[in-house]
Amino acid sequence: MTTPHSNQARVALETTLLAHGVPRSGALEFAHELEEMVRSRGAAPNTIGVLRGKPLIGMSHDQIADFLSQPEIAKANSSNLGALIHQSRTAATTVSTTIELAHEQGIQVMASGGIGGVHRGADLDISADLIALTRIPMAVVCSGCKTLLDVAATREALETLGVPVIGFGTDVFPAFYLRDTNLPVDARFDDASDLGVFLSSELVRTGRGVVVCQPVPADDAIVRDDWNRWLNGAEERVANEGATGRDVTPRILKALHDISNGATLRANLSLVKANVGLGADLAVAMSRARL
Ligand code: PSU
Ligand code: MN
């Protein structure tokens, strides 16, 4: 492996989707698959997480295996990251904390499944991901926000916060398992090199993050009728279990995988892989733009 230098194309990968988004039995293999995908496109993967109080930016295979075998993995967002480090805990980083740690190391691109956002319902549950994007100049490649959120409110919040939302090959904001919504993006790009040039200047110009979104690959997308049924079932199950706060998203994802007979899991894995591939292409394009 080559030693990373300042102009190397690097892609940050998060650990929350590994620890809390997919079944633990397949998580290690999936982590390796994602890292390989980044390498095959000419960039360096940097999987990020906190192992026994140590924030690791670019975990080794052994460290990822050690991390995923821990019985208890906390979920770190911007508010609890510091305390978890202080307490020597093992913690998975969400989008908010992955971009915080990656940016400190000079990385500019992160790829994930979907960002957090504004939850449905009456209490004011809004993901720290949205606010982190206003403070940290990173491009986050995703398939929009998770379908279980209030997607329209999340799109509005990004606009209010001044976070550009770029559609890659799409005119509308995708919603994770669903390919489209009626919500517009700020601009559409169809060419990774062109988008790389834009991102390189936009991140520096604003000092804020940019959301780059593309829809889940068509073959793995969920159709809306199925989705509505499955979500109702999953929400009911999680409400009966009494989950609140940070636990809600992972618990609903798990219930959905179950109720949909694996269809939401397949869609989730598929969209993450596609986003990681695009993230690598963008990181390469951005490193060329800097030359
Ligand atoms: N993408 C996935 N699965 C996930 C996530 C993203 O395919 O589990 C995670 C990300 O880490 C994101 C988090 O930051 O879900 C949002 O959690 P919350 O709604 O609690 O902020
Ligand atoms: Mn929340």
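Side-chain atoms are counted along with the backbone in the values below, which use heavy atoms only and exclude waters and symmetry mates. For ligands, and for the atoms within them, numbers begin at 1 and follow the listed sequence. Quick caveat, the model's predicted, so the values are computed rather than measured.
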Ignoring hydrogens, just give me the one of Asn268, Thr15, Leu17, Leu149 whose non-hydrogen atom is nearest atom 7 (O) of ligand 1.
Asn268
Is ligand 1 under 4.0 Å from a heavy atom in the side chain of Thr94, in the backbone, in both, or in neither?
both
Numbered atoms of ligand 1 (with element) below 4.0 Å of Gly113, judged on heavy atoms
1 (N), 2 (C), 7 (O)
Could you tell me which atoms of ligand 1, counted from 1 in the order shown, lie closer than 4.0 angstrom to a heavy atom of Leu253?
8 (O)
A student checking ligand 1 against Ser112 at a 4.0 Å heavy-atom cut-off should list atoms 1 (N), 6 (C)
Answer whether the closest heavy-atom distance between the side chains of Leu231 and Asn228 falls below 4.5 Å.
no
If we set the cut-off at 4.0 Å for heavy atoms, which region of Thr249 has an atom near ligand 1: side chain, backbone, both, or neither?
side chain
To the nearest 0.5 Å, how far apart are CG in Leu148 and CD1 in Ile252?
5.0 Å
Between Asp220 and Arg266 (side chain of the first, backbone of the second, donor and acceptor by atom type, cut-off under 3.5 Å), is there such a pair?
no
Side chain to side chain contact (heavy atoms under 4.5 Å, CB included) assessment of Asn80 paired with Asn77
CA-CA 6 Å; Asn80 63 346; Asn77 64 28; 3.3 Å; yes
Of all the atoms in ligand 1, which lie at a distance below 4.0 Å from a heavy atom belonging to His119?
19 (O)
N/O donor-acceptor pair under 3.5 Å between Gln63 side chain and Ser60 backbone
yes
What protein heavy atom is closest to atom 12 (C) of ligand 1, reported as residue, atom name and distance in Å?
Asp129 OD2, 3.3 Å
Do the ring planes of Trp227 and Tyr177 sit parallel (below 30°), tilted (30 to 60°) or perpendicular (above 60°)?
tilted
Enter the distance from Gln108:CD to Met286:CE here, rounded to the nearest 0.5 Å.
4.0 Å
Which option wins on minimum heavy-atom distance to atom 11 (O) of ligand 1: Glu14, Met110, Lys75?
Glu14
Looking only at the side chains, is there a donor atom on one of Thr90 and Glu72 sitting less than 3.5 Å from an acceptor on the other?
no
Which atom, among the N/O/S set of Asp125, is closest to the Mn ion (ligand 2)?
OD1
Lys146 N/O under 3.5 Å from ligand 1 N/O
yes
Looking at ligand 1, does Val248 have a heavy atom less than 4.0 Å from it?
no
With a 4.0 Å heavy-atom cut-off (strictly under), which part of Val272 contacts ligand 1: side chain, backbone, both or neither?
side chain
Atom 1 (N) of ligand 1: which protein heavy atom is closest, and how many Å away?
Gly114 N, 3.2 Å
Find the distance between OG1 (Thr97) and CD1 (Ile48) and round it off to the nearest 0.5 Å.
9.0 Å
Please state whether His20 comes within less than 4.0 angstrom of ligand 1, counting heavy atoms only.
no
Please list the nearest protein heavy atom to atom 21 (O) of ligand 1 with its residue and the distance rounded to 0.1 Å.
Ser127 OG, 2.8 Å
Please list, in number order, the atoms of ligand 1 under 4.0 Å from a heavy atom of Phe176.
2 (C), 7 (O)
With side chains defined as the heavy atoms from C-beta onward, is the minimum distance between Val210 and Val140 less than 4.5 Å?
no
Would you indicate whether the side-chain heavy atoms of Glu33 and Leu269 approach each other to under 4.5 Å?
no
